[in-house]
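Order of the sequence lines sets the chain letters (A, B, ...), proteins ahead of strands, with each chain counted from 1.
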There are 2 protein chains.
Amino acid sequence: MLRMASPRHPLVPGSASVLPVPISARNSAGFEAPAGMTAVPVVLAPLGGRLHVLLVRRGGPPDVGAWALPGGFMSRDERPDETAQRKLTEKTGVGAIYLEQLQTYADPDRDPRGWIPTIAYLALIDAAVLRADESQARWWPVDDPPSLAMDHGRIVADGVERLRGKLWWSNISVGLLPERFTMPQARRVFEAISGVRHEPSNFRRELERSGLVRATGELAKGGLGRPATLYEFVSRQPAWSLRRSRPPATVTRGRRVGTIRSS
Amino acid sequence: MLRMASPRHPLVPGSASVLPVPISARNSAGFEAPAGMTAVPVVLAPLGGRLHVLLVRRGGPPDVGAWALPGGFMSRDERPDETAQRKLTEKTGVGAIYLEQLQTYADPDRDPRGWIPTIAYLALIDAAVLRADESQARWWPVDDPPSLAMDHGRIVADGVERLRGKLWWSNISVGLLPERFTMPQARRVFEAISGVRHEPSNFRRELERSGLVRATGELAKGGLGRPATLYEFVSRQPAWSLRRSRPPATVTRGRRVGTIRSS
DNA sequence: TAAATAGTGTCTTTAAGACATTATCGC
DNA sequence: GCGATAATGTCTTAAAGACACTATTTA
């Protein structure tokens with residue numbers, strides 16, 4: 001495969017190669033090609049009871065100085081999720097515990113620099129890292145964000161919607177809770193994400209019913225009041241909840257024919 | 001914006017510009033760029049009680065002659081969904097009633113021709129068109145497909161999963177049913193998609209409860225037996241079902257504090 | 001009027017909502 | 001023991017499952 005030793009971030013904001021004029025590209029067959037491809041992680045975390053998103057200030061055009069997602073250019077030999085992970089690590093010093101592709105934004109005029117599609121990822125990092133106040137980045141409440149560069153406002157909104165939508169139907173919250181956690185702790189995280197308060201005993205029942213978590217038998221110590229039982233996720237790999245309340249019943253008696261699908 | 005009058009499909013299979021060697025591209029800043037960008041519609045439809053996908057034979061490398069999705073190259077001034085629509089129309093003569101972005105596949109080695117990411121779309125077309133047996137294309141059962149070119153097998157699987165997953169939670173079935181339809185007709189379509197048989201009276205209750213459809217008051221005529229009531233979708237725009245059975249209850253009495261979110 | 005298909009009613013089971021109550025800690 | 005927090009139990013309500021039954025057409 002034809003490849004050359006090229007710098008990893010050909011067009012990073014602030015680099016000398018960034019021009020106020022559009023960039024174009026053509027391929028070896030003579031046709032116009034995308035000028036580049038970017039990947040952006042939408043990093044979400046509950047913080048102080050509210051859901052926050054990690055943003056950085058842009059150091060170059062377009063929208064210099066505006067708040068934006070911490071993305072960057074993909075290189076030829078990198079998978080897009082690797083780019084998202086790498087960019088995230090560069091900004092926060094940690095990798096994502098949970099990373100899932102969100103959407104690709106590729107409208108012809110989305111980036112004034114030229115034809116530059118971007119693949120967005122939903123990224124969830126360890127809660128313990130949240131306190132590390134990196135100088136380059138800042139956490140913003142998703143319900144009250146600053147004005148964002150380009151189409152990044154839309155991308156954040158899509159990420160939030162995905163997280164909220166999957167919260168009860170998958171173990172996506174592995175990315176938001178420590179390895180071992182208590183029920184009240186999980187409840188507060190869920191509440192911060194959805195913006196809704198839950199009745200503690202029902203919350204417990206539902207989360208247990210989901211089949212996603214199990215009690216370790218150990219107790220959390222140190223707090224006020226009765227110590228809480230520690231729970232852990234049954235699997236830390238992406239998994240679906242059992243809760244997904246069912247579509248209409250399958251036919252039983254007379255018509256029982258099993259499923260139609262063959263595989 | 002710097003643009004040139006370039007042909008729309010720079011690298012279509014079979015064109016003279018396709019070489020057995022990789023294609024590369026570089027941008028005006030001197031860095032390597034994607035050689036091109038493609039969009040592929042995953043066209044799904046129930047046919048003879050089973051879910052099928054529309055495939056074409058590849059006319060050029062890679063995998064010449066293999067079955068593949070009917071995708072094609074994006075041009076500079078086209079949105080990716082427009083490309084998917086256009087490619088679909090070129091193959092079937094119709095546009096998609098429902099089109100939603102699925103995933104982007106951009107691994108560095110996914111296409112032997114070079115760095116060519118592809119954006120996949122889930123596309124649903126009018127059921128009436130299914131019978132038109134276009135020479136270029138063929139319907140294949142999704143549960144028993146042929147071997148597909150490149151990563152298209154994976155893409156089809158992702159499309160099927162999306163359709164099945166959203167079936168009861170959205171009005172995605174607008175793309176699979178005629179404008180006016182009967183309950184038994186809807187049931188057969190749902191059964192073909194999910195591969196599961198439903199108890200007719202419960203199916204009716206659930207679909208009505210979803211709030212997505214309403215009875216027109218008119219009756220279907222012509223068939224055997226009692227004529228069925230015709231239904232229509234309340235909205236043909238993407239919409240969510242009311243069914244989505246709820247996460248744990250919000251707190252009511254003592255702790256009632258409303259929602260946390262501000263917006 | 002028989003066969004075929006559509007549509008209604010209803011009883012049972014299960015899940016979810018709304019608490020009251022009990023348990024276990026530190027001070 | 002008291003305040004604080006965690007956990008359990010249980011009664012009520014609502015949704016879903018499993019039918020039996022009724023309705024309306026054509027042959």
Side-chain angles (χ1 to χ4, degrees), chain A residues 167-169 180-191 194 196-231 241-257, chain B residues 49 167-169 177 180-191 194 196-231 241-257:
Chain A
L167 189 57
W168 278 102
W169 315 100
R180 310 216 292 179
F181 54 88
T182 67
M183 277 292 173
Q185 195 174 357
R187 179 167 49 79
R188 281 186 293 269
V189 165
F190 274 55
E191 288 177 341
S194 62
V196 163
R197 287 188 176 281
H198 294 297
E199 202 288 314
S201 72
N202 293 336
F203 177 90
R204 167 188 308 276
R205 183 176 63 194
E206 295 305 313
L207 190 52
E208 269 171 348
R209 249 186 65 78
S210 77
L212 297 170
V213 305
R214 74 172 146 239
T216 63
E218 283 162 283
L219 298 177
K221 48 197 159 197
L224 213 56
R226 175 175 175 177
T229 302
L230 285 170
Y231 286 78
S241 161
L242 306 176
R243 288 186 72 256
R244 12 186 182 177
S245 160
R246 59 257 153 143
T250 290
V251 165
T252 46
R253 254 195 355 193
R255 299 181 69 222
R256 186 191 292 284
V257 208
Chain B
L167 189 58
W168 278 102
W169 315 99
L177 284 163
R180 308 215 294 179
F181 54 89
T182 67
M183 277 291 171
Q185 195 174 357
R187 179 167 50 80
R188 282 186 293 269
V189 165
F190 275 53
E191 288 176 342
S194 62
V196 164
R197 289 191 175 278
H198 294 297
E199 202 288 315
S201 71
N202 292 337
F203 177 90
R204 168 188 307 275
R205 183 176 65 194
E206 294 307 312
L207 190 53
E208 269 171 348
R209 248 187 65 77
S210 77
L212 296 171
V213 304
R214 73 172 146 238
T216 64
E218 281 161 282
L219 298 177
K221 47 198 161 197
L224 211 56
R226 175 175 173 177
T229 302
L230 285 168
Y231 285 78
S241 162
L242 305 176
R243 288 185 74 259
R244 13 187 183 175
S245 157
R246 59 260 151 142
T250 290
V251 164
T252 46
R253 254 195 354 189
R255 298 182 66 223
R256 185 192 291 284
V257 210

* Structure fact -> Rounded to the nearest 0.5 Å, the CZ atom of B:Phe203 sits from the CZ atom of B:Arg197 at a distance of 13.0 Å

* To do: Please round to the nearest 0.5 Å and tell me the distance separating atom CH2 of A:Trp168 and atom OG of A:Ser210.
  => 7.0 Å

[X] [atom1] to [N] [atom2], straight-line distance once rounded to whole Å:
{"X": "A:Arg197", "N": "C:dG17", "atom1": "CZ", "atom2": "P", "result": "17 Å"}
{"X": "B:Leu219", "N": "C:dT5", "atom1": "CG", "atom2": "P", "result": "17 Å"}
{"X": "B:Asn202", "N": "D:dA16", "atom1": "CG", "atom2": "P", "result": "10 Å"}
{"X": "B:Glu206", "N": "D:dA14", "atom1": "CD", "atom2": "C1'", "result": "12 Å"}
{"X": "B:Leu207", "N": "D:dA16", "atom1": "CG", "atom2": "P", "result": "12 Å"}
{"X": "A:Lys221", "N": "D:dA6", "atom1": "NZ", "atom2": "C1'", "result": "17 Å"}
{"X": "B:Arg188", "N": "C:dA6", "atom1": "CZ", "atom2": "C1'", "result": "11 Å"}
{"X": "A:Phe203", "N": "C:dG17", "atom1": "CZ", "atom2": "P", "result": "13 Å"}

Nucleotide of [options] approaching [X] most closely (side-chain heavy atoms):
{"X": "A:Arg209", "options": "C:dA16, D:dA16, C:dA18", "answer": "C:dA16"}
{"X": "A:Pro184", "options": "D:dT26, D:dA7, C:dA6", "answer": "D:dA7"}
{"X": "A:Arg204", "options": "D:dA18, D:dA7, C:dC19", "answer": "D:dA7"}
{"X": "B:Pro227", "options": "C:dT8, D:dT25, C:dA16", "answer": "D:dT25"}
{"X": "A:Arg226", "options": "D:dA18, C:dC19, D:dA7", "answer": "D:dA7"}

* Specify the residue among A:Gly223 and B:Thr182 whose closest nucleotide of DNA chain C lies further upstream toward the 5′ end. => B:Thr182

* Are B:Tyr231 and B:Gln185 linked by a side-chain donor-acceptor pair shorter than 3.5 Å? -> no

* Kindly say whether, by distance alone, the side chain of A:Arg205 makes a donor-acceptor pair under 3.5 Å with the base of C:dG17? => yes

* To do: Describe the nucleic acid contact of B:Thr229 in one word from base, sugar-phosphate, nothing, applying a heavy-atom distance below 4.0 Å.
  => sugar-phosphate

* Looking only at heavy atoms, what is the nearest atom pair of B:Gly211 and B:Leu242, with distance? -> CA-CD1, 4.0 Å

* Asked: Do B:Glu191 side-chain atoms and B:Gly49 backbone N/O form a donor-acceptor pair below 3.5 Å?
  -> no

